[in-house]
Structures are given as C-alpha cells and as structure tokens.
Amino acid sequence: MWFASLLLLGSLVSCGVSATIKPAKYYFDICHTSDPKYNDCVKKTLEKLKPQLIKGIPDLNLQSVEPLHIPKIELSEGNGNFQMKQKLTNLYIHGTSNYTLEDLSINVDGREMNYTMTFPLLEFESDYELDGQILVLPIKGEGRANYNFTDVTIRAFTKIETFKKKGKVYVRIKSYSLKIEPTDVHLHFSNLFNGDKVLGDSTNKFLNDNWRDAYNTYRDLPENAFAQYLKVITNNVFEKFPAEEIFPK
C-alpha cells in the first residue's frame, strides 16, 4: 500500500503516452507487507520520493508536482449565507511536494488505508467564473482567482479491491475520500462585478473575514471533486503493475 500513499497526495497526473514500463521496483522502493515495520517503510518511501515527485516520472506518464496542474474543476452548491457556482480552469497548485506524513494506518487484509498529511502552505491560482449569492447580495465575476491555504491537514481514506487482467491479479481503488482542513485561508477574485473596485474589494474582504463559514458551506464539493479526480489517476497507475509487484509479502 505504499504506492497508494503517494498517489493519495494528489501529485500524480497523466502527461502523455508512456514508454515501456519497467518493474515497479525500478521506480520505487518496495515495502513488504510481512515486514513488522511496514508502516515505517511506507513513510520512508514517501520521504525518499519527494525529489522524484518534483521531477516527474515520464515512463509512468507522471508530470512534476510543482506545480500540480488540474485542467478544470467545477463546484456548485451552497446554503444559508453562501451560495456559489464556481468553475476553475487551468488550476495550478503550489506546495504539494512539501508534505509531512503525520499518521498512517494500513490494513492489507482489510484492503484499506487511512492517513494524515500536513502542508505548511498550498497556493492555488486559476482562471475562474463565479456566479452566486452572499447574504442577499448577488456575486458574479470572471477573471483570475488566488487562494492561499495555510497549515493544511488532509485526512485520506481509501478502500482497495482486486481484479484479474491477462491472468494476473491487479489492484485498484474502490473508494476514495478526503477531509481537507486549513487553519487559515486568504483568497482574492479579480474583476468581480465587471471590475467595480469598490464592490470587488468589499466582497473579497467579506469572504476573507468569513472564510470558515464560506468554506464549510461547500467543502464537500472540493473534497469530493479532488477525491474522484485522484481515484481515476491512481487507478491509471495502479493498473500498470501486478499486485505481486506492489504488494509483495
């Protein structure tokens, strides 16, 4: 399950057609599930992988994580004082390689893994389209968006299943969920209300002053969106290696 830890970070993204795939041990240190210190082995593997995450691994169609690029995410929901529909395109996330694995719990027989990672700073920048309502006031804009998430804790929960392909057993993610908890958030939307500076500045200030209420209103949307996105990417990589290569006993 060490490989799932890496993928759950969100750093592995397809970037083209791969070359001939070598055995898994060529790309990563392999942890044996029979090792009494299996969890410690996983942690060491993740730390050792940081330079590779920054460089990328072309053979596996994995681009660099700095920055992590996501073409598009759409968010649409809300209740109470905050109702927003957002579309983020050309999203770049900085800081994904600067992680600390705080806690790790792997149950190979139960086919699940839970762990916690922290990041001192995650910076998002993208083009945006926004249409919504704050209190009784409409909010609308289209331009550039910046989000700074400080002291972020990400709790990840995965369940794994096996399947057969060409006579061999492989693994894939069956379910994938995230809980994302920032300590502080600062955001800025440019060109709100067609560039009206007074309305734009006051709206940005209100959102920053009340970021926690706003975030809690629609947090399940980015958490679910990222989880589903990462599930697809994870399985794309998992299916390149038989289970016996990435889960040796």
Side-chain angles (χ1 to χ4, degrees), residues 1-66 68-71 96-97 99 101 103-117 154-178 224-249:
M1 291 297 296
W2 62 269
F3 201 32
S5 307
L6 164 65
L7 295 169
L8 198 54
L9 171 64
S11 57
L12 303 186
V13 183
S14 174
C15 62
V17 179
S18 67
T20 301
I21 302 299
K22 302 177 180 67
K25 65 182 180 181
Y26 177 85
Y27 304 102
F28 315 103
D29 288 348
I30 301 297
C31 296
H32 291 259
T33 58
S34 59
D35 185 349
K37 295 184 178 180
Y38 183 56
N39 288 358
D40 291 337
C41 178
V42 173
K43 290 182 179 181
K44 290 178 182 177
T45 297
L46 282 169
E47 290 299 321
K48 188 175 179 179
L49 277 169
K50 284 184 180 181
Q52 284 182 265
L53 294 179
I54 295 172
K55 284 180 59 179
I57 308 175
D59 282 5
L60 301 182
N61 300 338
L62 305 178
Q63 72 174 23
S64 167
V65 307
E66 290 295 350
L68 172 64
H69 178 234
I70 299 177
T96 54
S97 68
Y99 58 83
L101 183 59
D103 184 58
L104 177 69
S105 174
I106 301 175
N107 184 335
V108 176
D109 294 332
R111 297 179 182 176
E112 65 179 21
M113 176 179 64
N114 304 324
Y115 65 85
T116 301
M117 281 182 167
I154 296 181
R155 294 181 175 85
F157 311 88
T158 66
K159 288 190 178 296
I160 312 298
E161 64 181 359
T162 60
F163 68 100
K164 285 190 175 181
K165 182 173 68 173
K166 297 181 179 180
K168 292 189 175 183
V169 176
Y170 287 75
V171 298
R172 62 188 168 204
I173 301 294
K174 181 179 180 181
S175 66
Y176 201 144
S177 62
L178 299 176
N224 291 338
F226 277 109
Q228 291 303 311
Y229 177 81
L230 297 177
K231 178 181 177 181
V232 171
I233 299 304
T234 301
N235 286 336
N236 179 53
V237 178
F238 259 23
E239 293 174 14
K240 289 180 170 62
F241 303 106
E244 63 187 12
E245 288 191 32
I246 56 177
F247 296 101
K249 293 184 178 180

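Remember, it's a predicted structure, so these values are computed and weren't measured experimentally.
- Heavy-atom minimum distance, Pro248 versus Ile30: CG-CG2, 3.2 Å.
- Distance check, rounded to the nearest 0.5 Å: CG of Leu101 to OH of Tyr115 gives 7.5 Å.
- Here Ile160 contributes atom CD1 and Lys174 contributes atom NZ; the two are 11.0 Å apart, rounded to the nearest 0.5 Å.
- In this structure a side-chain-to-backbone donor-acceptor pair under 3.5 Å is present from Asn235 to Ile173.
- With sequence neighbours excluded, the residues that form a side chain to side chain donor-acceptor pair (under 3.5 Å) with Lys22 are Asp59.
- How far NZ of Lys159 is from OG of Ser177: 9.5 Å, rounded to the nearest 0.5 Å.
- You'll find the side chain of Thr116 stays beyond 4.5 Å of the side chain of Ile154, heavy atoms only.
- Here the side chain of Lys168 pairs no donor or acceptor atom with the backbone of Ala243 at under 3.5 angstrom.
- Nearest heavy-atom pair across Tyr99 and Met117 is CD1-CE, 4.1 Å.
- When every heavy atom of Leu178 is checked against every heavy atom of Ala227, the shortest pair comes out as CD1-N, 4.1 Å.
- Tyr38 and His32 make their closest contact through CD1-O, 3.2 Å (heavy atoms, listed as atom of the first residue, atom of the second, distance).
- Within 6.0 Å of NZ on Lys249 lie no more than 12 heavy atoms contributed by other residues, nucleotides or ligands.
- One distance of note links CZ of Phe163 with CD of Glu239; it measures 4.0 Å at 0.5 Å rounding.
- Shortest non-hydrogen contact noted between Thr158 and Asn114 is N-OD1, 4.1 Å.
- Going from atom CD of Glu66 over to atom OG of Ser97 covers 3.5 Å, rounded to the nearest 0.5 Å.
- Annotation for Tyr170 and Phe241: closest pair CD2-O, 3.1 Å, computed over non-hydrogen atoms.
- Residues meeting the side chain to side chain donor-acceptor pair (under 3.5 Å) test with Arg172, sequence neighbours left out: Glu161.
- The salt bridge (Lys or Arg N to Asp or Glu O under 4.0 Å) test applied to Lys44 returns no partner, not counting sequence neighbours.
- Note that the CG atom of Leu104 and the CE atom of Met113 stand 6.5 Å from one another [nearest 0.5 Å].
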